[in-house]
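Computed from a predicted model, the values in this text were never measured in an experiment.
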Amino acid sequence: VIATMRDLRKKEKLEEAAGSALGKTLSIRRLDVCSDSSVAECMASIPGDRVDVLVNNAGVGHVGPVESISIEEMKGVFETNFFGAVRMIKAVLPGMKRRQSGHIVVVSSVMGLQGIVFNDVYAASKFALEGFCESLAVQLLRFNV
């Protein structure tokens, strides 16, 4: 099992939770889902380039009226919540398709199904993720993923 996080300076709690598994059946690696090079570097460090289960859990929120949020801030939310998940899925799919096996778990939000006041941008990023995954799931059935 490989646990990843953007900032390894914050890994102490994860290491504590891992207990005796740390370094044996669990390793912690740096991964920024917003960076193509970080994803490639992390993937290259995986023995045999084999990922059997991907859990996409990275996410950021942004609360406030839409007129107070800059386009750049909106792009940042989408970069993590939507494109980060897409980037990771694209990284593991070739191997999963080749092996005809694998699982992709995407942690979304109820706001991907129903918007909530002052969460417009967050909800939009989660709606996009829900639509992407619904479409992708149908395609991946024939690959047993």
Once you round to the nearest 0.5 Å, how far does CG of Asn57 lie from CE of Met88? 12.0 Å

Could you pull out all donor-acceptor pairs under 3.5 Å where a side-chain atom in residues 95-102 meets a protein atom, sequence neighbours excluded?
from: Arg99; atom 1: NH1; to: Gly95; atom 2: O; distance (Å): 3.2
from: Arg99; atom 1: NH2; to: Val51; atom 2: O; distance (Å): 2.7
from: Gln100; atom 1: NE2; to: Lys97; atom 2: O; distance (Å): 3.1

Test side chain to side chain contact (heavy atoms under 4.5 Å, CB included) applied to Ala21 - qualifying residues, sequence neighbours left out: Thr25, Leu26

Of all residues at least two apart in sequence or in a different chain, which pass the side chain to side chain donor-acceptor pair (under 3.5 Å) check with Arg30? Ser38

Kindly write out the residues that satisfy ring pair (Phe, Tyr, Trp, His ring centres under 6.0 Å) with Phe83, not counting sequence neighbours, or none if the list is empty. none

Test of understanding: clusters of I, L, V, M, F, W, Y form through side-chain heavy atoms closer than 4.5 Å, transitively. Do Val39 and Ile28 belong to the same one? no

For Val77 and Ser125 the tightest heavy-atom approach is CG1-OG, 3.8 Å

Using a 4.5 Å cut-off on heavy atoms from C-beta on, say whether the side chain of Asn81 contacts that of Val60. yes

Closer than 4.0 angstrom, basic N to acidic O: yes or no for Lys75 and Glu79? no

Is the closest side-chain heavy-atom distance between Ile71 and Met74 below 4.5 Å? yes

Joint cluster assignment, Phe127 & Phe82, ILVMFWY side-chain distance < 4.5 Å: no

Do Asp36 and Arg87 touch side chain to side chain, with heavy atoms closer than 4.5 Å? yes

So, applying side-chain contact (heavy atoms from CB on, under 4.5 Å) with Cys133, which one of Ile104, Val106, Asn56 is it? Val106

Partners meeting side chain to side chain donor-acceptor pair (under 3.5 Å) with Thr4 (sequence neighbours left out): none

Phe143 meets the ring pair (Phe, Tyr, Trp, His ring centres under 6.0 Å) criterion, sequence neighbours left out, with none

Just to verify, what does Ser68 make a side chain to side chain donor-acceptor pair (under 3.5 Å) with, not counting sequence neighbours? none

Non-hydrogen atoms of Gly64 and Ile69 that approach each other most closely: O-CD1, 3.7 Å

Can you tell me if Ser35 uses its side chain to pair, donor with acceptor, with the backbone of Asp32 under 3.5 Å? no

Would you please name every residue forming a side chain to side chain contact (heavy atoms under 4.5 Å, CB included) with Lys90, sequence neighbours left out? Val86

Under a 4.5 Å cut-off applied to non-hydrogen side-chain atoms, are Leu14 and Met5 in contact? yes

Set of residues satisfying side chain to side chain donor-acceptor pair (under 3.5 Å) with respect to Arg9, sequence neighbours excluded: Asp7

Do you know the tightest heavy-atom contact between Val121 and Phe78? O-CE1, 3.9 Å

Return the set of residues passing side chain to side chain contact (heavy atoms under 4.5 Å, CB included) with Asp49 (not counting sequence neighbours), or none when no residue passes. Met43

Partners passing side chain to side chain contact (heavy atoms under 4.5 Å, CB included) against Ser70 (at least two apart in sequence or in another chain): Glu72, Glu73

Under 4.5 Å between side-chain heavy atoms, chaining through other members, with only Ile, Leu, Val, Met, Phe, Trp and Tyr counted: pull out the rest of the cluster around Val117, sorted by chain and number. Val63, Phe118

Give, for atom OH of Tyr122 and atom CD1 of Ile116, the distance between the pair rounded to the nearest 0.5 Å. 9.5 Å

Heavy atoms only: give me the nearest Val107-Leu129 pair and the separation to one decimal. O-CD2, 4.4 Å

side-chain contact (heavy atoms from CB on, under 4.5 Å) between Arg29 and Leu8, worked out: CA-CA 8 Å; Arg29 304 242 172 72; Leu8 288 179; over 6 Å; no

